[in-house]
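Note that the structure is a prediction, hence the values are computed from the model and not measured. The figures here come from the full heavy-atom set of this structure, side chains too, leaving out hydrogens, waters and symmetry mates. Here is how names work: the chains are called A, B, and so on, in the same order as the sequence lines, proteins then strands, and each is numbered from 1.
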Amino acid sequence: MGTGDIAIPAFQSLIDSEYNLLGLVTQPDKPVGRKQLLTPPKIKELALQHDLPVWQPEKAKSKAFLTELEALAPDIIIVMAYGQILTQRLIDIPTNAIINVHASLLPLYRGASCIQGPIADGHDQTGVTIMHVVKALDAGDIILQRTTPISPEDTGGSVHDRLAEQTPDALLEALAQLSSGTATRTPQIEEDSTYAPKLLRNDGELDFSRSATELERLIRAYHPWPGTFFPYTDKKGKTKRLKVFPPVSVHSTSHPIGQPLIEDNKLLIGCGDNSTLELTLVQPEGSKAMPASDFLKGNPFG
RNA sequence: CGCGGGAUGGAGCAGCCAGGUAGCUCGUCAGGCUCAUAACCUGAAGGUCAGAGGUUCAAAUCCUCUUCCCGUAA
(Lines give C-alpha, C1' and ligand atoms only; values in the text may rest on other atoms or scores of the structure.)
Protein backbone atom coordinates (compact mmCIF):
# COMPACT_ATOMS: atom_id res chain seq x y z
CA MET A 1 0.00 0.00 0.00
CA GLY A 2 1.56 3.28 -1.05
CA THR A 3 0.98 6.52 -2.89
CA GLY A 4 3.96 8.87 -2.67
CA ASP A 5 6.83 8.84 -5.16
CA ILE A 6 9.17 7.89 -2.35
CA ALA A 7 7.65 4.42 -2.43
CA ILE A 8 8.40 3.83 -6.11
CA PRO A 9 11.91 2.34 -5.82
CA ALA A 10 10.68 0.08 -3.05
CA PHE A 11 7.72 -1.02 -5.12
CA GLN A 12 9.94 -1.63 -8.13
CA SER A 13 12.21 -3.80 -6.02
CA LEU A 14 9.24 -5.88 -4.94
CA ILE A 15 8.19 -6.30 -8.55
CA ASP A 16 11.70 -7.50 -9.39
CA SER A 17 11.86 -9.81 -6.38
CA GLU A 18 10.79 -13.41 -5.92
CA TYR A 19 7.87 -12.44 -3.74
CA ASN A 20 4.39 -13.00 -5.07
CA LEU A 21 2.89 -9.53 -5.30
CA LEU A 22 -0.85 -9.55 -4.95
CA GLY A 23 -1.36 -5.96 -6.01
CA LEU A 24 -1.18 -2.32 -5.07
CA VAL A 25 -3.46 -0.26 -2.90
CA THR A 26 -3.12 3.47 -3.52
CA GLN A 27 -5.10 6.68 -3.17
CA PRO A 28 -7.79 7.49 -5.74
CA ASP A 29 -6.81 9.64 -8.73
CA LYS A 30 -7.03 13.28 -7.78
CA PRO A 31 -7.52 16.50 -9.70
CA VAL A 32 -4.15 18.17 -10.01
CA GLY A 33 -2.49 20.95 -11.98
CA ARG A 34 -3.83 24.25 -13.25
CA LYS A 35 -6.52 22.52 -15.20
CA GLN A 36 -7.46 20.23 -12.34
CA LEU A 37 -6.94 17.17 -14.50
CA LEU A 38 -7.63 13.87 -12.80
CA THR A 39 -4.16 12.42 -12.31
CA PRO A 40 -3.27 8.96 -11.05
CA PRO A 41 -0.37 8.44 -8.63
CA LYS A 42 2.82 7.51 -10.51
CA ILE A 43 3.10 4.30 -8.57
CA LYS A 44 -0.24 3.24 -10.03
CA GLU A 45 1.16 3.54 -13.55
CA LEU A 46 4.03 1.32 -12.51
CA ALA A 47 1.67 -1.32 -11.17
CA LEU A 48 -0.43 -1.24 -14.33
CA GLN A 49 2.64 -1.63 -16.51
CA HIS A 50 3.31 -4.90 -14.73
CA ASP A 51 -0.31 -6.02 -14.93
CA LEU A 52 -0.75 -5.91 -11.18
CA PRO A 53 -4.20 -5.42 -9.69
CA VAL A 54 -4.75 -1.93 -8.27
CA TRP A 55 -7.20 -0.88 -5.59
CA GLN A 56 -8.01 2.78 -4.97
CA PRO A 57 -10.56 2.87 -2.18
CA GLU A 58 -11.85 6.29 -1.22
CA LYS A 59 -11.69 5.07 2.38
CA ALA A 60 -9.36 2.23 3.30
CA LYS A 61 -11.67 1.43 6.19
CA SER A 62 -14.70 0.82 3.99
CA LYS A 63 -16.26 -2.61 4.50
CA ALA A 64 -16.37 -3.46 0.82
CA PHE A 65 -12.66 -2.88 0.44
CA LEU A 66 -11.72 -4.71 3.63
CA THR A 67 -13.75 -7.71 2.57
CA GLU A 68 -11.94 -7.82 -0.75
CA LEU A 69 -8.61 -7.58 0.96
CA GLU A 70 -9.47 -10.34 3.40
CA ALA A 71 -10.38 -12.57 0.49
CA LEU A 72 -6.83 -12.16 -0.84
CA ALA A 73 -5.41 -13.49 2.42
CA PRO A 74 -2.00 -11.85 2.10
CA ASP A 75 0.95 -13.05 4.19
CA ILE A 76 2.40 -9.60 4.48
CA ILE A 77 1.14 -6.08 3.85
CA ILE A 78 3.72 -3.39 3.23
CA VAL A 79 2.74 0.23 3.76
CA MET A 80 4.75 3.26 2.63
CA ALA A 81 3.54 6.83 2.11
CA TYR A 82 -0.02 5.60 1.63
CA GLY A 83 -1.79 8.59 3.07
CA GLN A 84 -4.64 7.05 5.04
CA ILE A 85 -4.98 5.86 8.61
CA LEU A 86 -5.44 2.11 8.83
CA THR A 87 -8.09 0.48 10.99
CA GLN A 88 -7.47 -2.43 13.32
CA ARG A 89 -9.49 -4.73 11.07
CA LEU A 90 -7.08 -4.06 8.22
CA ILE A 91 -4.06 -4.48 10.46
CA ASP A 92 -5.33 -7.92 11.45
CA ILE A 93 -5.66 -9.17 7.87
CA PRO A 94 -2.16 -10.39 6.98
CA THR A 95 -1.19 -13.76 8.41
CA ASN A 96 2.48 -12.96 8.90
CA ALA A 97 2.90 -9.24 9.41
CA ILE A 98 1.91 -5.75 8.33
CA ILE A 99 4.90 -3.50 8.14
CA ASN A 100 5.44 0.18 7.45
CA VAL A 101 8.40 1.96 5.91
CA HIS A 102 8.79 5.39 7.48
CA ALA A 103 11.27 8.01 6.29
CA SER A 104 12.80 8.97 9.63
CA LEU A 105 14.66 7.40 12.52
CA LEU A 106 11.72 6.54 14.74
CA PRO A 107 10.66 7.34 17.38
CA LEU A 108 11.77 10.74 16.05
CA TYR A 109 9.49 12.51 13.58
CA ARG A 110 6.40 10.40 13.52
CA GLY A 111 3.93 11.84 11.04
CA ALA A 112 3.84 13.30 7.56
CA SER A 113 6.75 15.77 7.44
CA CYS A 114 9.30 13.22 8.66
CA ILE A 115 11.80 14.23 5.97
CA GLN A 116 11.66 18.00 6.45
CA GLY A 117 11.75 17.77 10.24
CA PRO A 118 15.32 16.63 10.85
CA ILE A 119 16.73 19.02 8.22
CA ALA A 120 14.90 22.00 9.67
CA ASP A 121 16.03 21.05 13.16
CA GLY A 122 19.66 20.83 12.10
CA HIS A 123 20.19 17.12 12.73
CA ASP A 124 23.21 15.53 11.09
CA GLN A 125 21.45 12.32 10.12
CA THR A 126 18.11 10.75 9.34
CA GLY A 127 17.07 7.49 7.76
CA VAL A 128 14.37 4.94 7.13
CA THR A 129 12.66 2.76 9.68
CA ILE A 130 10.86 -0.47 8.98
CA MET A 131 8.45 -1.43 11.72
CA HIS A 132 5.28 -3.28 12.49
CA VAL A 133 2.06 -1.36 12.07
CA VAL A 134 -0.06 -0.70 15.13
CA LYS A 135 -3.10 1.44 15.44
CA ALA A 136 -1.22 4.39 16.92
CA LEU A 137 0.51 6.39 14.19
CA ASP A 138 4.09 5.26 13.45
CA ALA A 139 4.39 3.70 16.89
CA GLY A 140 4.95 -0.01 16.14
CA ASP A 141 7.93 -2.15 17.11
CA ILE A 142 10.98 -1.56 14.97
CA ILE A 143 12.41 -4.30 12.76
CA LEU A 144 15.38 -2.43 11.39
CA GLN A 145 16.68 1.04 10.52
CA ARG A 146 19.08 2.50 7.98
CA THR A 147 20.66 5.90 8.48
CA THR A 148 21.89 8.52 6.04
CA PRO A 149 23.88 11.65 6.88
CA ILE A 150 22.40 15.08 6.26
CA SER A 151 24.88 17.45 4.64
CA PRO A 152 24.75 21.26 4.92
CA GLU A 153 23.62 21.35 1.28
CA ASP A 154 20.85 18.78 1.59
CA THR A 155 17.28 19.79 0.78
CA GLY A 156 14.02 18.02 1.45
CA GLY A 157 14.16 16.87 -2.15
CA SER A 158 17.68 15.45 -2.05
CA VAL A 159 17.07 13.60 1.21
CA HIS A 160 13.75 12.32 -0.10
CA ASP A 161 15.44 10.86 -3.15
CA ARG A 162 18.28 9.34 -1.18
CA LEU A 163 15.92 7.68 1.28
CA ALA A 164 13.81 6.40 -1.59
CA GLU A 165 16.90 4.76 -3.10
CA GLN A 166 17.95 3.35 0.24
CA THR A 167 14.61 1.76 0.96
CA PRO A 168 14.61 -1.31 -1.33
CA ASP A 169 17.69 -2.79 0.32
CA ALA A 170 16.29 -2.27 3.81
CA LEU A 171 12.88 -3.56 2.84
CA LEU A 172 14.15 -6.74 1.20
CA GLU A 173 16.31 -7.40 4.24
CA ALA A 174 13.32 -6.97 6.55
CA LEU A 175 11.18 -9.25 4.37
CA ALA A 176 13.87 -11.89 4.39
CA GLN A 177 14.01 -11.77 8.17
CA LEU A 178 10.25 -11.95 8.47
CA SER A 179 9.87 -14.91 6.18
CA SER A 180 12.68 -16.79 7.90
CA GLY A 181 11.35 -15.90 11.32
CA THR A 182 14.56 -14.18 12.41
CA ALA A 183 13.17 -10.65 12.56
CA THR A 184 13.60 -8.85 15.84
CA ARG A 185 11.15 -6.44 17.44
CA THR A 186 12.45 -3.40 19.25
CA PRO A 187 9.78 -1.35 20.98
CA GLN A 188 10.01 2.41 20.45
CA ILE A 189 10.92 4.55 23.41
CA GLU A 190 7.74 6.58 23.79
CA GLU A 191 9.32 9.37 25.81
CA ASP A 192 11.75 10.11 22.96
CA SER A 193 9.09 10.33 20.27
CA THR A 194 8.48 13.56 18.37
CA TYR A 195 5.75 14.44 15.92
CA ALA A 196 6.15 16.06 12.51
CA PRO A 197 2.76 17.37 11.38
CA LYS A 198 1.55 17.44 7.79
CA LEU A 199 2.76 20.58 6.05
CA LEU A 200 0.58 23.00 4.16
CA ARG A 201 1.61 25.69 1.71
CA ASN A 202 1.24 28.41 4.26
CA ASP A 203 3.62 26.66 6.64
CA GLY A 204 6.37 27.88 4.33
CA GLU A 205 5.98 31.53 5.32
CA LEU A 206 9.28 32.78 6.66
CA ASP A 207 9.26 34.29 10.14
CA PHE A 208 12.16 36.71 10.15
CA SER A 209 12.16 37.02 13.91
CA ARG A 210 13.85 33.63 13.91
CA SER A 211 17.58 33.44 13.38
CA ALA A 212 19.04 33.29 9.89
CA THR A 213 20.60 29.94 10.77
CA GLU A 214 17.21 28.41 11.52
CA LEU A 215 15.65 29.96 8.45
CA GLU A 216 18.43 28.70 6.21
CA ARG A 217 17.74 25.16 7.41
CA LEU A 218 14.01 25.65 6.96
CA ILE A 219 14.43 26.89 3.40
CA ARG A 220 16.46 23.79 2.55
CA ALA A 221 14.10 21.45 4.40
CA TYR A 222 11.00 22.82 2.70
CA HIS A 223 12.48 22.65 -0.80
CA PRO A 224 10.79 21.68 -3.04
CA TRP A 225 7.72 21.05 -0.88
CA PRO A 226 5.99 23.08 0.50
CA GLY A 227 8.48 25.81 -0.44
CA THR A 228 9.15 28.98 1.50
CA PHE A 229 8.05 32.54 0.84
CA PHE A 230 7.38 35.91 2.37
CA PRO A 231 4.95 38.67 1.40
CA TYR A 232 6.17 41.82 -0.33
CA THR A 233 4.59 44.83 -1.98
CA ASP A 234 5.19 45.21 -5.70
CA LYS A 235 5.46 48.43 -7.68
CA LYS A 236 1.72 48.62 -8.18
CA GLY A 237 1.15 48.43 -4.46
CA LYS A 238 -0.13 44.87 -4.53
CA THR A 239 0.91 42.43 -1.87
CA LYS A 240 2.42 39.37 -3.43
CA ARG A 241 4.43 36.39 -2.39
CA LEU A 242 8.10 36.08 -3.11
CA LYS A 243 9.18 32.47 -3.11
CA VAL A 244 12.64 31.76 -1.80
CA PHE A 245 14.83 28.92 -3.03
CA PRO A 246 18.04 27.50 -1.65
CA PRO A 247 20.83 28.22 -1.43
CA VAL A 248 20.79 31.16 0.94
CA SER A 249 23.68 32.47 3.01
CA VAL A 250 23.78 33.45 6.63
CA HIS A 251 25.59 36.62 7.72
CA SER A 252 26.25 37.74 11.26
CA THR A 253 25.46 41.39 10.65
CA SER A 254 22.48 43.00 12.34
CA HIS A 255 19.63 44.70 10.45
CA PRO A 256 16.01 45.54 11.24
CA ILE A 257 14.02 42.31 11.35
CA GLY A 258 12.07 41.44 8.19
CA GLN A 259 13.39 44.49 6.35
CA PRO A 260 14.60 43.71 2.82
CA LEU A 261 17.62 45.76 1.86
CA ILE A 262 19.91 45.94 -1.10
CA GLU A 263 23.61 46.06 -0.54
CA ASP A 264 26.26 45.50 -3.13
CA ASN A 265 23.59 44.19 -5.53
CA LYS A 266 22.66 41.53 -3.00
CA LEU A 267 19.25 40.95 -1.48
CA LEU A 268 19.53 40.85 2.30
CA ILE A 269 16.90 40.50 4.99
CA GLY A 270 17.44 41.15 8.67
CA CYS A 271 16.56 38.22 10.91
CA GLY A 272 16.40 37.56 14.62
CA ASP A 273 19.42 36.96 16.81
CA ASN A 274 21.40 39.74 15.05
CA SER A 275 21.71 37.77 11.85
CA THR A 276 21.03 38.44 8.20
CA LEU A 277 19.91 36.18 5.39
CA GLU A 278 21.20 36.66 1.84
CA LEU A 279 18.79 35.38 -0.80
CA THR A 280 20.23 34.12 -4.07
CA LEU A 281 17.26 32.65 -5.94
CA VAL A 282 13.72 34.01 -5.77
CA GLN A 283 10.45 33.83 -7.69
CA PRO A 284 7.85 36.60 -7.73
CA GLU A 285 4.23 35.55 -8.16
CA GLY A 286 3.37 35.22 -11.83
CA SER A 287 6.98 35.02 -12.91
CA LYS A 288 9.74 32.49 -13.20
CA ALA A 289 12.45 31.83 -10.66
CA MET A 290 15.41 34.18 -11.11
CA PRO A 291 18.64 35.16 -9.38
CA ALA A 292 18.07 37.74 -6.65
CA SER A 293 20.26 40.20 -8.57
CA ASP A 294 17.93 39.99 -11.57
CA PHE A 295 14.92 40.50 -9.37
CA LEU A 296 16.45 43.67 -7.95
CA LYS A 297 16.98 45.23 -11.40
CA GLY A 298 13.32 45.87 -12.04
CA ASN A 299 11.75 45.31 -8.65
CA PRO A 300 13.38 47.62 -6.15
CA PHE A 301 11.90 47.41 -2.69
CA GLY A 302 10.43 50.83 -1.92
C1' C B 1 -13.78 27.56 -19.62
C1' G B 2 -11.71 26.56 -11.07
C1' C B 3 -9.33 31.48 -9.34
C1' G B 4 -5.38 34.99 -10.43
C1' G B 5 -0.60 37.29 -12.54
C1' G B 6 2.26 37.62 -17.01
C1' A B 7 4.59 37.71 -22.47
C1' U B 8 8.37 44.74 -24.64
C1' G B 9 16.74 44.02 -27.65
C1' G B 10 20.79 38.79 -23.98
C1' A B 11 18.51 39.51 -18.21
C1' G B 12 14.96 42.09 -14.99
C1' C B 13 11.35 45.92 -15.70
C1' A B 14 8.63 50.89 -17.31
C1' G B 15 5.41 52.65 -21.14
C1' C B 16 -0.91 50.68 -21.98
C1' C B 17 -6.04 53.56 -18.21
C1' A B 18 -6.27 59.50 -21.30
C1' G B 19 -3.37 55.88 -29.32
C1' G B 20 1.26 59.64 -32.53
C1' U B 21 10.08 59.42 -32.08
C1' A B 22 11.23 52.21 -28.28
C1' G B 23 12.53 54.06 -22.39
C1' C B 24 15.05 52.43 -17.43
C1' U B 25 18.63 49.40 -14.52
C1' C B 26 22.13 45.82 -16.16
C1' G B 27 24.71 42.68 -19.64
C1' U B 28 27.58 42.50 -24.44
C1' C B 29 31.17 44.99 -27.83
C1' A B 30 34.65 49.16 -28.94
C1' G B 31 37.46 53.18 -27.16
C1' G B 32 39.23 56.11 -22.88
C1' C B 33 40.99 56.73 -17.72
C1' U B 34 44.05 53.82 -14.36
C1' C B 35 49.86 50.39 -11.72
C1' A B 36 45.33 47.74 -12.09
C1' U B 37 40.03 46.28 -11.87
C1' A B 38 34.19 43.16 -11.49
C1' A B 39 35.31 50.46 -10.45
C1' C B 40 34.74 55.12 -13.43
C1' C B 41 33.97 58.02 -18.41
C1' U B 42 32.48 57.97 -23.73
C1' G B 43 30.32 55.57 -27.74
C1' A B 44 28.06 51.35 -30.41
C1' A B 45 25.43 47.03 -31.67
C1' G B 46 20.99 44.46 -30.58
C1' G B 47 13.62 44.70 -30.50
C1' U B 48 8.38 41.71 -36.53
C1' C B 49 6.61 45.23 -28.52
C1' A B 50 4.13 36.46 -28.10
C1' G B 51 0.87 35.39 -32.72
C1' A B 52 -3.65 36.44 -35.88
C1' G B 53 -7.59 39.58 -37.11
C1' G B 54 -10.29 44.27 -36.30
C1' U B 55 -11.01 49.85 -35.26
C1' U B 56 -8.03 54.27 -36.85
C1' C B 57 -4.80 59.01 -40.88
C1' A B 58 -1.84 56.41 -37.09
C1' A B 59 -1.75 50.67 -32.43
C1' A B 60 3.22 48.17 -27.66
C1' U B 61 -1.16 51.14 -26.28
C1' C B 62 -8.28 50.27 -27.86
C1' C B 63 -11.57 45.56 -29.37
C1' U B 64 -11.83 40.05 -30.56
C1' C B 65 -9.52 35.37 -30.89
C1' U B 66 -5.11 32.04 -30.37
C1' U B 67 -0.55 30.20 -28.28
C1' C B 68 2.89 29.90 -24.35
C1' C B 69 4.74 30.90 -19.12
C1' C B 70 3.85 31.37 -13.85
C1' G B 71 1.22 31.66 -8.87
C1' U B 72 -2.90 29.35 -6.28
C1' A B 73 -5.49 24.92 -5.90
C1' A B 74 -2.49 18.52 -1.94
Any donor-acceptor pair under 3.5 Å joining the side chain of Arg34(A) to the base of G71(B)?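 When only heavy-atom distances are counted, Arg34(A) does reach the base of G71(B) through a donor-acceptor pair under 3.5 Å.
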What pairs of residues pass the salt bridge (Lys or Arg N to Asp or Glu O under 4.0 Å) test when at least one of them lies in residues 123-142 of chain A, not counting sequence neighbours? Asp141(A)-Arg185(A)
Salt bridge (Lys or Arg N to Asp or Glu O under 4.0 Å): which pairs involve residues 239-251 of chain A, sequence neighbours left out? Asp234(A)-Lys240(A)
Who else is in the cluster with Val32(A) when I, L, V, M, F, W and Y are joined by side-chain contacts under 4.5 Å? none
What residues form a side chain to side chain contact (heavy atoms under 4.5 Å, CB included) with Gln125(A), not counting sequence neighbours?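 Leu105(A), Thr147(A).
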Any residue meeting side chain to side chain contact (heavy atoms under 4.5 Å, CB included) with Pro247(A), in chain and number order, not counting sequence neighbours: Thr280(A)
Got a list of side-chain donor-acceptor pairs under 3.5 Å for residues 92-101 of chain A, not counting sequence neighbours?
from: Asp92(A); atom 1: OD1; to: Gln88(A); atom 2: NE2; distance (Å): 3.0
from: Thr95(A); atom 1: OG1; to: Asp75(A); atom 2: OD1; distance (Å): 3.1
from: Asn100(A); atom 1: ND2; to: Val79(A); atom 2: O; distance (Å): 2.8

For nucleotides 36-40 of chain B, which of its nitrogen or oxygen atoms have a protein nitrogen or oxygen under 3.5 Å away, and what is each distance?
none

Contact string for nucleotides 7-13 of chain B, one letter per nucleotide 5' to 3', B = base within protein heavy-atom range under 4.0 Å, S = sugar-phosphate only, - = neither, reads ----BBS
For RNA chain B, just give me the dot-bracket, please: Watson-Crick or G-U, both distances below 3.5 Å, ( ) intra-strand, [ ] crossing earlier pairs, | paired with another strand, . unpaired. .(((((((.[[[[.)....(..]]]].(((((.......))))).....[[[[[..)....]]]]]))))))..
Inter- and intrachain pairs under ring-ring contact (aromatic ring centres under 6.0 Å, His included), touching residues 120-178 of chain A, at least two apart: Tyr109(A)-His123(A)
For residues 161-219 of chain A, which residue pairs qualify under ring-ring contact (aromatic ring centres under 6.0 Å, His included), counting only residues two or more places apart or in two chains?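 Qualifying pairs, neighbours excluded: Phe208(A)-Phe230(A).
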Any donor-acceptor pair under 3.5 Å linking the side-chain atoms of Thr276(A) with those of Thr253(A)?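 Present: a donor and an acceptor within the cut-off.
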For the pair made of OH in Tyr222(A) and P in A74(B), what is the distance, rounded to whole Å? 17 Å
Side chains of residues 167-174 of chain A: which donor-acceptor pairs under 3.5 Å do they make with residues two or more places apart or in other chains?
from: Thr167(A); atom 1: OG1; to: Leu163(A); atom 2: O; distance (Å): 2.7
from: Asp169(A); atom 1: OD2; to: Arg146(A); atom 2: NH1; distance (Å): 2.4
from: Glu173(A); atom 1: OE2; to: Gln177(A); atom 2: NE2; distance (Å): 2.9

Would you mind checking if Glu205(A) and Arg210(A) are paired as a salt bridge, meaning a charged N to carboxylate O distance below 4.0 Å?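 Here Arg210(A) does not pair with Glu205(A) in a salt bridge, since their nearest N and O are not under 4.0 Å apart.
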Considering just the side-chain nitrogens and oxygens of Arg201(A), establish if one lies under 4.0 Å of OP1 or OP2 belonging to U72(B).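 For U72(B), OP1/OP2 do have a side-chain N/O of Arg201(A) under 4.0 Å.
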Side-chain N,O (Gln283(A)) to OP1/OP2 (C70(B)) below 4.0 Å: no
Categorize Lys240(A) for me: base, sugar-phosphate, or nothing, with a 4.0 angstrom heavy-atom threshold over every strand shown. sugar-phosphate
For the side chain of Glu285(A), starting at C-beta, report the closest nucleotide among G2(B), U72(B), G71(B). G71(B)
